[in-house]
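Proteins come first, then strands; the chains are lettered A, B, ... in the order of their sequence lines, and each starts at number 1. Excluded from the calculations below are hydrogen atoms, water molecules and symmetry mates; all remaining heavy atoms, backbone and side chain alike, are included.
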Amino acid sequence: MSNVEIALEEISRGVAEIIDMERIEKLVKRFYETGESYTVKAGFDPTGADLHLGHTVLMQKLKVFQKHGARVQLLVGDFTATIGDPTGKSETRKVLDRETILKNAQTYQEQVFIILDREKTDIVFNSTWLEKLGASGLISLTTTYNVARMLERDDFEKRYRAGQSISISEFIYPLLQGYDSVELKSDIEVGGTDQKFNLLMGRHLQRVYSVGKEQAVLMMPILEGLDGVQKMSKSLNNYIGITEEPKEIYGKVLSISDELMWRYYELLSDKSLSEIEQLKTDVANGDLHPKKAKENLALELTARFYNEESATMAKREFDNVFKSNQLPTDIPEFEMESDIWICKALVDAKLEPSTSQARRDIKQGGVRLNQEKVADEKMNLSLGEYILQVGKRKFAKVKVK
RNA sequence: GGUGGGUUACUCAAGUGGCCAACGAGGGCGGACUGUAAAUCCGCUGACUACGUCUUCGAAGGUUCGAAUCCUUCACCCACCA
């Protein structure tokens, strides 16, 4: 296979939809012939700073582009964030102040460059040009589109039909986002499938403003969260953050259902599609245990954000605690006064939120003292060192003085 | 601006004077089982050294022996009309 063919195959992997593939082909081909680079735009919303695996689906794709000659334009939507974007639900999003936005952007960069190549990335803020746009510029921007077409957008249409309110500002957001592509003269824009309308707006506006090119659009599927149903997001608490501890990442990946595992393989793993097919077949006819497949995935993803050793350590730790019922290595320690009531000790060691909850868990046989089930919720701890455990995962070492 | 409806625990959502610490579902937590923190089944899910006490149903007052439930004012949200 030629360089170009390999590149195009890697670029197409796992995508939900590509608009104007010919253009991408041309750009990649030109790069391999003349060394001339091209630009790939990706926007991010500086409201929440911490990245999770869902974001990395896009990042991985951008990395592939960088490998094949692209400069990535990482667009920080600082202007839109200062106004407050009501997109989606009826609840208006919080308006962020400048300082928070910059801080979020900073955290974001640190995390992004775990994956992306810093040398091939430009960070741009859309306030740079949107602030200058002014009322007249904004109004002339709005003349490029009409209400009927705006209402074609899926969520607008649904809400309009259902008689729910749509704010005028919501009509402006896609326009502003598209206008960013005009200013950046992007060759390609990458985003999630939920962004389709906005991504296409970039094409439309580049044509209207005679940029001389229309960006190709590449859409990635939305990654499901740990529950396997809803999209991965922080607010649903079904995410794996890329800055989480290795053992957390490892454990969380291992906790996904067998079915979801294949989805994660497809969208997150570096394994080739044919390798993944092979794994599936092996599992299907019993040559490979599904747990083994899941462990490998967990190892791969943990190693991506740390390294091989950390991943192996995480696995060993996990196996010790859950398979052999051994103690984890890093148990938090606490010191307490003598004769402390066990329920109080559990709360002080942050294993339980209240003594009421502690009593309930003891009653249900969920609390262990030095590996032995605690039967009496009224017991006190006298002098000595103890290992307290709630459930399978929460541990604390307690020194009673 | 007018009219009507709403605001209940982490979320959704019952309850319209005492049987309400408040049905149900989801989530969460614990247990059993297993190959894992998967799946399935069962239990728990306001606080408090606790079969009793205390604080909760948008906020503040009031009626009553007794209020999430009735009344008044305020705040916020939604729908219809203008």
Side-chain angles (χ1 to χ4, degrees), chain A residues 86 89-92 94 159-167 224-230 232-241 244-265 279 282-284 286-299 301-302 311 314-326 328 336-348 350-369 372-381 388-395:
Chain A
K89 312 283 178 251
S90 50
E91 50 194 288
T92 312
K94 263 182 272 164
R159 284 159 64 195
Y160 187 67
R161 267 210 307 249
Q164 290 176 318
S165 84
I166 301 171
S167 124
E224 292 84 355
L226 299 176
D227 52 66
V229 182
Q230 293 186 275
M232 184 177 283
S233 83
K234 210 175 179 184
S235 51
L236 293 171
N237 196 28
N238 62 356
Y239 69 100
I240 303 178
E244 289 189 71
E245 292 290 303
K247 62 174 184 182
E248 287 295 314
I249 297 179
Y250 183 86
K252 280 185 175 180
V253 174
L254 222 53
S255 85
I256 64 176
S257 71
D258 290 357
E259 201 187 338
L260 187 61
M261 163 172 79
W262 298 118
R263 181 81 172 149
Y264 277 30
Y265 255 117
L279 285 178
D282 288 351
V283 167
D287 292 338
L288 180 69
H289 199 293
K291 177 160 184 229
K292 190 75 192 146
K294 209 180 287 179
E295 280 174 352
N296 289 340
L297 179 66
L299 281 171
L301 294 178
T302 310
K315 171 168 159 46
R316 196 176 308 145
E317 182 87 1
F318 186 93
D319 290 346
N320 275 345
V321 177
F322 296 106
K323 245 189 222 162
S324 338
N325 280 319
Q326 288 172 3
M336 310 202 175
E337 297 291 309
S338 174
D339 252 17
I340 186 165
W341 178 35
I342 184 153
C343 292
K344 191 85 177 56
L346 288 165
V347 174
D348 286 352
K350 299 196 169 65
L351 296 179
E352 294 281 17
S354 67
T355 55
S356 300
Q357 183 63 41
R359 279 166 182 255
R360 277 182 225 120
D361 282 338
I362 291 173
K363 214 174 285 175
Q364 299 196 103
V367 175
R368 283 164 191 272
L369 179 68
E372 298 286 328
K373 261 186 198 173
V374 175
D376 178 14
E377 62 188 51
K378 291 215 166 87
M379 76 177 291
N380 295 321
L381 299 181
L388 285 172
Q389 178 182 359
V390 177
K392 295 190 179 87
R393 310 171 50 197
K394 286 172 285 185
F395 296 88

Handout entry: A:Lys394: salt bridge (charged side-chain N to carboxylate O under 4.0 Å, His left out) partners, not counting sequence neighbours
Key =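 Partners of A:Lys394 by the salt bridge (charged side-chain N to carboxylate O under 4.0 Å, His left out) criterion come out as none, since no residue qualifies.
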Practice task
Kindly point out which of B:G35, B:A38, B:G31 is positioned nearest to the side chain of A:His289?
Solution key: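 Closest nucleotide to the A:His289 side chain: B:G35.
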Using the [atom1] atom as the reference point in each nucleotide, state the distance between [N] and [M] in Å, no decimals.
N: B:G18; M: B:A22; atom1: P; answer: 15 Å
N: B:C70; M: B:A14; atom1: P; answer: 16 Å
N: B:G15; M: B:U56; atom1: C1'; answer: 16 Å
N: B:A9; M: B:A68; atom1: C1'; answer: 12 Å
N: B:C57; M: B:C23; atom1: P; answer: 16 Å
N: B:C71; M: B:G24; atom1: P; answer: 29 Å
N: B:G58; M: B:C54; atom1: C1'; answer: 23 Å
N: B:A37; M: B:U49; atom1: C1'; answer: 33 Å

Practice task
Name the residue closer to the 5' end of RNA chain B, choosing between A:Arg368 and A:Ile340 according to the nucleotide with the nearest heavy atom.
Solution key: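 Comparing both residues, the 5'-ward one is A:Arg368.
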Problem - First encountered from the 5' end of RNA chain B, between A:Lys392 and A:Asp339 - result: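 Whichever sits nearer the 5' end wins; that is A:Lys392.
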With 3.5 Å as the limit, what N/O pairs link the protein to nucleotides 50-54 of chain B?
from, atom 1, to, atom 2, distance (Å)
B:A50, N6, A:Thr355, OG1, 3.1
B:A50, N6, A:Arg359, NE, 3.4
B:A50, N1, A:Arg359, NE, 3.0
B:A50, N3, A:Arg359, NH1, 3.3

Handout entry: No-H, no-angle donor-acceptor pair, A:Lys294 side chain to B:U36 base, under 3.5 Å
Key =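 Looking at the base of B:U36, it does pair with a donor or acceptor on the side chain of A:Lys294 (distance under 3.5 Å).
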Exercise for the section: State whether the distance check finds a donor on one side and an acceptor on the other, under 3.5 Å, for side chain A:Asp258 versus base B:G35. Expected result: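 Answer is yes: a donor-acceptor pair is held.
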Practice task
Tell me whether the guanidinium CZ or amine NZ of A:Lys252 lies under 6.0 angstrom from the six-membered ring centre of A:Tyr239 and within 45° of its axis.
Solution key: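 The answer is yes, since A:Lys252 meets both limits relative to A:Tyr239.
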Handout entry: A:Ser354 side-chain N/O to B:A47 phosphate OP1/OP2 under 4.0 Å
Key =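 Yes, because at least one side-chain N or O of A:Ser354 sits under 4.0 Å from OP1 or OP2 of B:A47.
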Dump every N/O contact between nucleotides 22-29 of chain B and the protein below 3.5 Å, one line per pair.
none

Practice task
Write down the distance between CZ (A:Phe395) and P (B:G30), rounded to a whole number of angstrom.
Solution key: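 It works out to 11 Å between those atoms.
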